[in-house]
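Lettering follows sequence order; numbering is per chain, from 1.
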Amino acid sequence: VRVDRRVGWRAGLGGVGLVVAASALITVAALAAAALVSVLGR
Amino acid sequence: MFLRPDGRDLRIIGYHLGRVATGLALLMTGPALLAVVLREWNAATALVAGAAVAVAVGQLTEWRLSTREPLNWSHGTVVVALAWLLGPLLAAVPLFLSGHVDGFLDAWFEAMSGLTTSGLSVVQDLDHLSYSMGLYRHLTHFAGGQGIVIVALSLFAAGGGVGTLYVAEGREERILPNVVRTARFIFRVAGFYLVLGTLGLLAATWTAGIGGWRGSWHALNLFFAAFDTGGFSPTSQSIAYYHSPAVEGVIVVLMVAGTMSFGLHHQLWLGRRGELARNVEVRSLAVTVLLTTVVAMVALALAGTYTSTGGLFRKGFFTVLSAHSGTGFAVTDGSLFLSDWGSLAPAAVVIAMALGGMAGSTAGGIKAIRVGLTAKSLVHEVRRVLLPEAARPVTTYHSGRRRILRTPAVRAASTILLLYVLTYLAGALVGLAYGRWAVTETLFESVSAAANVGLSVGIVDPAMPIALQVTYILQMWLGRLEFLAAFALVGYVVSLVRGRT
């Protein structure tokens, strides 16, 4: 089966980058929520 | 009335089950080689014996039932259902011979938990398990996690019932037009993450003070458990063992990657970053993860368990994401969920476990697509009631492309959602019947098993009652199969007895 160049290793790096960005986004949102809850809880 | 299957049908099913057995033998060879290299002779004996049994069963079956006839839809369904039930029996042999489980039922439980990427464990003295047997445990996550997608695509895509399965998952097309190319892409994604994820974890464990050969072993095992949303861990303390924000950070990325559908991975590899913002599953998952995280954090703060930002973030967010993605890694002792976390925070974790990740990923649970479609359907019905009678509102959702929300897709999603809820409740009731645990405990454990998560409040234990253990085994099996194949198997067995000739 011919390898589809559109999903080669360069595309993979881009895909992984987007997953890392999405993870970072949700992590920052959770961190902000934790800070807010911590401040309001005092 | 269904037609009664004949010898030809049983031959086709048996032949393909034999191939699965041979595949399981291959799974044991890598750890067996490692055992020989490390001179772990007990583990080597157990793994070689397990591989020999699997090869014997596989080759004997393939030889006796050899056939070139293709699988049809019902054959494929029955093969999948039986493979996930009987495969763990073969995978259990090395674990049984390892001496770290109390009987064959425990070994079957452990193998089922590994292959279904659940992560509940009954292994005794885990911290002294040999390196090779530890690798084998984690490899079951990788094989099961990648396998279910491949098996589903390879078997079902050729059959006439493919539409039913895909509509049930909210999808109407394969990732790529060719099944072989689809399978190849899935393995490419897994291979890519295997290299990058293991390197990331290697660096993270090194900063946590675990370097060299041991660090590599930890990194590889953690990768298998995180990317395949499994939850087994090299040590009995799970992720709490590392006390490392770096390890937790890399695992967060791998859990997010693991809970994403391979369809979404394909879109991202094609550079379609807009899919992240528009996809109904991404939106559904983002909303439910953040909601359950906030609820858990507020509850933990109110209970006084954690009040600092760091404590709320590292314990609350990690635990909820671990639960929601179906991974089941723990950063706190399971018994603390009930003793120190109050009532609301464990409830948020249970809801996160019940909802699960994306369809077409290795995650379990109800799945984001079903939650998203059900929510969209609810909004659609409200709009229909509020608009003038002659109006015909159209609701759309994005999944690879813009789609119109149609009744069959909503009905299929709602049916599976209801089946999951019933399975969660059934397992909780079985636990309650023993009169030893509160409903919160039995519900937590039941949801964890049926949603293939792996977090535990302590009911899952080598000393747990046999009937409850069998219940959890069946729940893990049902949860992984998403019911359809399991019900089809029951129907097939009934038609064997009562079918029309």
- The interface call for A:L13 against chain B, heavy-atom contacts under 4.5 Å, is both
- B:F329 backbone acceptor or donor facing B:S322 side chain under 3.5 Å: yes
- Query: If we ignore angles and hydrogens, is there a donor and acceptor under 3.5 Å between the side chains of B:T362 and B:T229?
  - Reply: yes
- Note on the structure: Applying a strict 4.5 Å limit to non-hydrogen atoms, the region of B:M255 in contact with chain A is neither
- Item | Option that, when pairs with chain B are counted at under 4.5 Å, heavy atom only, ranks first among A:L25, A:V20, A:V37, A:V39 | A:V37
- Item | Side chain / backbone / both / neither for B:V289 at chain A, heavy atoms under 4.5 Å | side chain
- To the nearest 0.5 Å, atom CD1 of B:I366 lies from atom OG of B:S284 at 10.5 Å
- Message: Using a 4.5 angstrom heavy-atom cutoff, name the option from B:V256, B:L321, B:V189, B:V252 with the most pairs to chain A.
- Response: B:V256
- Name the option with the most non-hydrogen atom pairs under 4.5 Å to chain A; the candidates are B:W269, B:F192, B:Y193. B:W269
- Smallest heavy-atom separation, B:G400 atom then B:N279 atom, equals N-ND2, 4.2 Å
- Who in residues 302-320 of chain B is close to chain A, using a strict under-4.5 Å heavy-atom cut-off? B:T307, B:S308, B:T309, B:L312, B:F313, B:F317
- Message: Can a side-chain donor-acceptor contact be found between B:H324 and B:T292 if the only test is distance below 3.5 angstrom?
- Response: no
- Task: Looking only at non-hydrogen atoms, find the nearest pair between B:A359 and B:I369 and report the distance.
- Result: CB-CG2, 3.7 Å
- Task: Let me know if A:A22 has heavy atoms under 4.5 Å from chain B in its side chain, its backbone, both or neither.
- Result: side chain
- Query: When rounded to the nearest 0.5 angstrom, what distance separates CG in B:L336 from CH2 in B:W341?
  - Reply: 9.0 Å
- Message: Let me confirm one number: the CE-NE2 distance from B:M358 to B:H265, rounded to the nearest 0.5 Å.
- Response: 8.5 Å
- One should read off an interatomic distance between B:K367 NZ and B:S261 OG, to the nearest 0.5 angstrom, of 10.5 Å
